[in-house]
Every structure is written in structure tokens, then in C-alpha cells.
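Because the structure is predicted, anything quoted here is derived from the model rather than measured. Side chains are part of it too, since the values below use all heavy atoms of this structure and drop only hydrogens, waters and symmetry mates. Every chain is numbered from 1, with letters handed out A, B, ... down the list of sequences.
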Amino acid sequence: MMEPLTRITIIEDNEEVKDGYALILNRHPDYVVVNTYTTAEAAIKNLRKDNPDVIFTDLDLPGIDGITGIRKIRKIDRRVQIIVITVLEESTLVFDALCAGASGYITKSSNHIELLEAVDQILHNGAPMSPKIARMVVSSFQRNPDTPLSERETEILSHLAMGKTYKITAEELFIGMETVKSHVKNIYSKLQATSKSEAIKIAKEASLI
Amino acid sequence: MGIPRLLLAQVSLSQLEGYPKEPILDLLEDQTGIIWIATPHHINVFNGTGFQRIDCADQWISANGSSVKMIWESNNGEMIIGMSDKTSILFDPKKRVCRSYKSQNQVPTSQFIEKGNLMDVRGWNWQMIDDHLTVSLNKSESGFRPFIQDLEINGQVQKLPIFVTSENKVVLPYNKNVLALRFAVPAAFAHPSLTYQYSLLGLDTSWINNGDQRLATYANIGSGTYILKIRTKAPGGWVENDHALLVDVITPVWSAWWFHVLVILMVIGTLAVIYKIRINAAIRRALEIEEIRKKEASAFRLMMARDFHDEMGNKLASIIVIASTLEYLIKDKSEEVKKALQKIESASKSLFDGTKSFIWSINPQSDHLREIISYVNHFGNELFEQTPMKFYLAHEVEDAADAFILPVGYSRQIFFVFKEAMTNALIHSQGSKVVFDYTYSVREGEFCLSLWDNGTGLKEDQKISRGLQNMMKRAEKIGCLLSLTSNPEGGLSVTLSGSIKKSEG
């Protein structure tokens, strides 16, 4: 029985990048680009119909920005994996996107190989985390101690925050690189939960809910 | 005009206030000019206008039981009263206390002042005439000695003692000091041809001829202390009055030297305070302007970074994606086509990365040392990720490093220095490990970044490559010192050290 194709949606207002990614991904035997959009609103409107497994989204979009778009998508579909397309991967916007519900990010300079690897990673192994993003994640968890990381997740996060690569982190902790990536994926999930619970707490304190 | 007190050659003092009712037994003038008069049961003093009993001495005399016979003065101003029973009473006029002694010899005073001719006090002849104490003038030069009869101050007549002593002082206010004085010689010596002169020393620079007039007036005398002197032309020459009268015109506060000094100091102080306030305000304004300028410059850089990011970043991304897409799509492409596409992609990526670092460097956040260390570390991680060499950051990036802010332009040069150093380590070092380290001191304003590897290091005869020259130029541009040293254990250390205080100075 054939594995169903991974359904992909692209939200990007740069036509060359959008069409280029669509072309590359469609050429892959396991992926199909079900739709491409230049605005988040249009993508959200067709979300149920498109039923994507993976969404590529830019952050700087006309209309509602990418981060707001990610939040709205998450409310509708908690299952979909969202990959942020960014020029600067070290931007705090990327971290905010991760807190909003993104699962990972790639840079706009990624070639076809990196693009396909990103999809594969997100589906199986977890997303990358740069040291700067790791530090932001650490700070986020420090602000809300009610969302616990496991001991191993804390260790990995600390190593990454110190500027160590996945490879060195894996060596020093005597685990495989894939294990590191998997833990990072869990950390992102907890980060989203943390940011949500913090948002709820703030809203309650402000009597907004 | 007051009635002259001494128009007669002889004056009986019995009409004067307090004249003793007992017979006068002894008389002396003490060193201060006071006339002491001893009567059987009292001691009196004559101050020129009247007589006054010394009550405390009287009490001792009364307690003694005998009567007074004589009076002396000691060399330290005490009065010794000799009693009829040979005892003595010592009276201290300053302390106004008495002590009794059984005999004159027991009195502790070492020396008694010898009394002169009691009848020749002040050149006047003192006599008891008809039981009245009378003074009469000797026909001598001293007879022409003038005296002040009375004084009119601001229209009010002031009584003066006959014997004006040096202790007599007239105090006048600065704003109302009309002074009129009448003087005369004793009547026996008065003559129409007598001429008078007077002088207020301190105001008049010489004697003022008054002819035969015996009235002198002064008005609006400035503040200060003056001495009034009078003299008459006697047959033998000028004769001055016995004791000068001190005239003290009170200095108003605002005329006093110390007031002037105070005012000057206050004016200087006020000017200094105003000046300081203005300087401080100017400094504050300048600092505010500088702060606003810095914020505006920072906001501008941020805006530029964003605009550049949006424009260039996206455009370059488009080129990369197109080239990559072409490479992916074109099957069975020739080697030339493949290479050409790879070159486009590679060049675009290189330009993209360069744009990214440029965007990063114009973002104001990149001036923070922590950001620079993170960025260099991130570059190192990416560069060595797919290589056999391991890249480490020596110790965790400290939050405190965020407080260390470098001048504009430093971040870009520092990044390129270490980008070159890392690339050289990757290509030439043949080592297995590369470590990036840093130290800094916010207080001293100094920082030091270093990259070392465990490779082959620099050879002795190795020429400085173009890349190394560029690194040195970049270091020089930002006033930093770049040093390359071979490690004892092998490998090369590239160290960049600098000071932000030096650059600010």
C-alpha cells in the first residue's frame, strides 16, 4: 500500500521563492504542494480544504503577519507542522514564531537539497535550533517555571544555549544526533504550551477572559 | 544755650547733687581722674557733676565703728581707707568689695601712691571756704584751658561732667548727627581778645580758627570715631582742653567693610551659582540632544536593516531559489550547464550571506559584544558543522556581555577578522579543534577575542598572506591590536584586543 503523499502548502509573497519551492517540492516523489498563497488569510480560509501536513510560511506578509497567521492555523489544526521561511534565522521574530506554534525554520537562501531536508527533518527528526534561539527558549522557560522540561531536555537546551552544535552536544551527552533533534522537537512543543499558558495567565490577570 | 557752669573764678560745689553733709576730711584724685572725698562716716566720689556715696564701703565703715581719717590709692587702683582706730579698709572700686585689716601694715598692697598737693587737682585749687568745697583757678596757663560747657546733639542738650575724661564718649547715629558744642575758659581768664580753635580729629585735617566765637557745629558726620579738641591762645602759647571728647558715629551696616565684603561674596556666589546652573543646564541639554541623536541614529539603522533585509534579502533569495530550481529540474544537463548553475547559486549564496552579515552589522543590536560573540560563534558552528574539525565556544555567552557596547562599525570588522581566521584554520591548520574565546571588562572598557587551533601553526619563514594583511587592516581600522602567535603545544592563536575608552577619547 502506497504511503500517502505529504501535503504541503506554501505561504510566501515572494513569487520566485514561492514558485521555486513549489516546483522543487512537487518534483519529490513523496510530496505534493496542494496550494500556494501570498497571504495568510487566503491560506487559513482554505486550510480545511487543503488539509496540509506541512506549511511553509514567510513571516513578513501583506495583511496579517506570519506569526498571527501561525496562531490562527494552530487554533484550527494542531497537527500540521509549520516551517518558517526567513532571511535571518537569528531573528527574534523566528523565536516568536516558534512560540506561536511553528515547528522549525529554514532560511530563504536554502537550496533545493536544504529545502527537502527541512521537510524530512520536520516530519521525522525535529527541527534545528540555533544557539540564539536556544537562549531565547531558556529565558522563556525561566519566566514560566510551571512548564517543566525533562532533565535531558534541560541538558540539551543548556548545551545549545552555550553555542554548542548538535554534533558536539550529542558527543558530550553520549547520545545520537537524531536523539538531540528529537528532544529539540519536544522542547519546541513545550515552548508553544509555555507561551500559550503565559498568554492565558496574562489574559486572566487583565480580566480579558 | 546752656548756662555756663564756670563763669566765676571760684565755684562752690555745695549746690551740686549729692554734696556730702559731713565735713570733708580728705580728698584725692585717682589714676582714672575720679575725685575721692572722705568724710567721717562716708566715702564719696565726685565725677564732675555731682557726688556719689560708695555704699559698700560705707557698710564696712559703719561696721567698723570708728571714723574715717584719710584715704589713699594703691598702685593697682585700690583705695585704702584709714580709720581712727588705726585699722584699714581696703576697697576695690572695680570689684566693689571691701576687706578690713587690723593695721595699715597688714594691707597686702605693696605700694601706696603718693598723694600730691590735694589742693592742686587738675590745676584747680580746692579749698574749704565757709565749710563748702570750693574750686578756684590758679592764675596759670592752665587757667586758659578751655572746657566744653555743653553739647547739643540733634537739638537735644546733653549734660557733660565738668571734668571730661577720656572715658567720655558721644555716640551718634549715622543718619542724624548734628552736633553743636559750646566751650569756654574759666571766667577769670575770659577775655574778648581770646581766640579759640577746635578740631575734630579724623574729620578736620587742621585746627579751625573760630576767632573769639565759642560755638562749633558739625553736621552729617560720616561714620567713624573722632576726637574733639579745643584750644585757646594763652600768653605763652596754645592751651588745649584736658581730655578729648570721643565722638563715635555709628557705622551703618551697609557702610561697614565687612558688609561690602559680604555683598561682594554674595554677588560672586550668586553669579557662580547662576553660571553653574546654566552650565549644568547646557550639559544636560547637550546630553539629551546626544541621547536623542543616538536613539535616532539607532532607529535609522534599524529601519535601514529592515528595509535592506526586505529588499535585498528577498531578491537574492529569489536568485538562489531560481538557480537551485533550475539545477534540480534540468536533468541530463551538461557539465558546463551544471557548473554554471552551481556558480550562480554559489555566488548568490555568497552575496546573500554577505548581505545577511551587512544587515546584521547595521542593526544597532550588533554593537553589543554579546551579539558579536553569538554571531561569530554561529558562523563558526555552520562553517565547521560538516567538517572533521570541531568548533567550540570556550565558555557560555554571558548575559552581562550585553552591557558592553562597542562603537558603530566595530561589529562588522570583528566579524570579518574572525571569519577570515576561521576560514584559514579550516583550510590551512590541519588541526582537529578550533576554539573561540573572549574576555572583557565593562568597567575598564577593554575586550579581547581570540581563536586558536591545534594545527601546525605559523612557520618561521611564512609570509604574511593577503588574508592576514586584510585582517590587520581591519583591526587597525577600529584601533584594535591583532596578534598572531604560535601556541607552545602547536597551532595558532589569533587575538584581537581593543579598548572602547581609547576610541571614545
Side-chain angles (χ1 to χ4, degrees), chain A residues 10 12-28 58-61 85-93 106-116 128-136 138-139 142 158-172 177, chain B residues 305-306 308-329 331 341-342 345-346 348-353 355-357 359-360 363 365-366 370-371 373-378 380-382 384-387 390-399 433 436:
Chain A
I10 303 171
E12 172 60 71
D13 61 332
N14 182 323
E15 296 284 347
E16 287 84 11
V17 172
K18 176 171 66 71
D19 295 340
Y21 280 9
L23 220 61
I24 293 166
L25 291 165
N26 269 328
R27 283 280 173 151
H28 194 282
D58 190 7
L59 294 179
D60 188 16
L61 294 166
I85 311 167
T86 177
V87 171
L88 294 172
E89 68 268 44
E90 291 285 277
S91 165
T92 51
L93 285 176
I106 57 165
T107 61
K108 278 191 184 178
S109 62
S110 301
N111 57 22
H112 61 278
I113 299 167
E114 288 156 347
L115 177 68
L116 294 170
M129 183 185 284
S130 72
K132 187 163 177 178
I133 299 292
R135 277 197 297 280
M136 291 184 211
V138 167
S139 298
Q142 279 168 355
S158 303
H159 275 65
L160 296 176
M162 276 169 63
K164 295 179 185 174
T165 61
Y166 274 33
K167 189 164 85 176
I168 290 170
T169 301
E171 277 177 16
E172 289 183 3
M177 264 212 7
Chain B
R306 283 197 183 133
F308 213 79
H309 160 280
D310 292 343
E311 285 295 312
M312 292 294 292
N314 276 299
K315 291 285 186 292
L316 287 166
S318 300
I319 297 171
I320 293 165
V321 170
I322 292 166
S324 184
T325 307
L326 278 174
E327 201 198 332
Y328 185 61
L329 292 176
K331 297 291 178 203
L341 288 169
Q342 280 173 349
E345 192 184 309
S346 162
S348 303
K349 255 195 178 294
S350 177
L351 187 57
F352 186 87
D353 288 341
T355 305
K356 262 192 349 180
S357 63
I359 292 169
W360 169 79
N363 189 317
Q365 195 58 31
S366 70
R370 180 179 153 173
E371 180 63 32
I373 295 164
S374 292
Y375 197 73
V376 171
N377 177 59
H378 178 71
N381 280 328
E382 283 200 337
F384 294 99
E385 179 74 21
Q386 306 296 331
T387 70
K390 288 184 190 163
F391 176 78
Y392 297 92
L393 182 62
H395 54 95
E396 187 177 340
V397 181
E398 296 167 8
D399 289 344
K433 192 162 81 170
F436 180 53

For [X], which atoms come within 4.5 Å of any heavy atom of chain B: side chain, backbone, both, or neither?
X        : answer
A:Leu25  : neither
A:Glu171 : side chain
A:Ile24  : both
A:His159 : neither
A:Asn111 : both

What's the separation between atom [atom1] in [X] and atom [atom2] in [Y], rounded to the nearest 0.5 Å?
X        : Y        : atom1 : atom2 : result
A:Lys108 : B:Leu316 : NZ    : CG    : 11.5 Å
A:Ile168 : B:Glu385 : CD1   : CD    : 8.0 Å
A:Lys167 : B:Phe391 : NZ    : CZ    : 12.5 Å

**Request:** Output the option from A:Leu23, A:Ile113, A:Asp19 having the highest count of non-hydrogen pairs under 4.5 Å with chain B.
**Result:** A:Leu23
**Prompt:** Between B:Ser324 (side chain) and A:His112 (backbone), is there a donor-acceptor pair under 3.5 Å?
**Reply:** yes
**Message:** I'd like to know which of B:Asn314, B:Ile322, B:Ile320, B:Asn363 tops the heavy-atom pair count under 4.5 Å against chain A.
**Reply:** B:Asn314
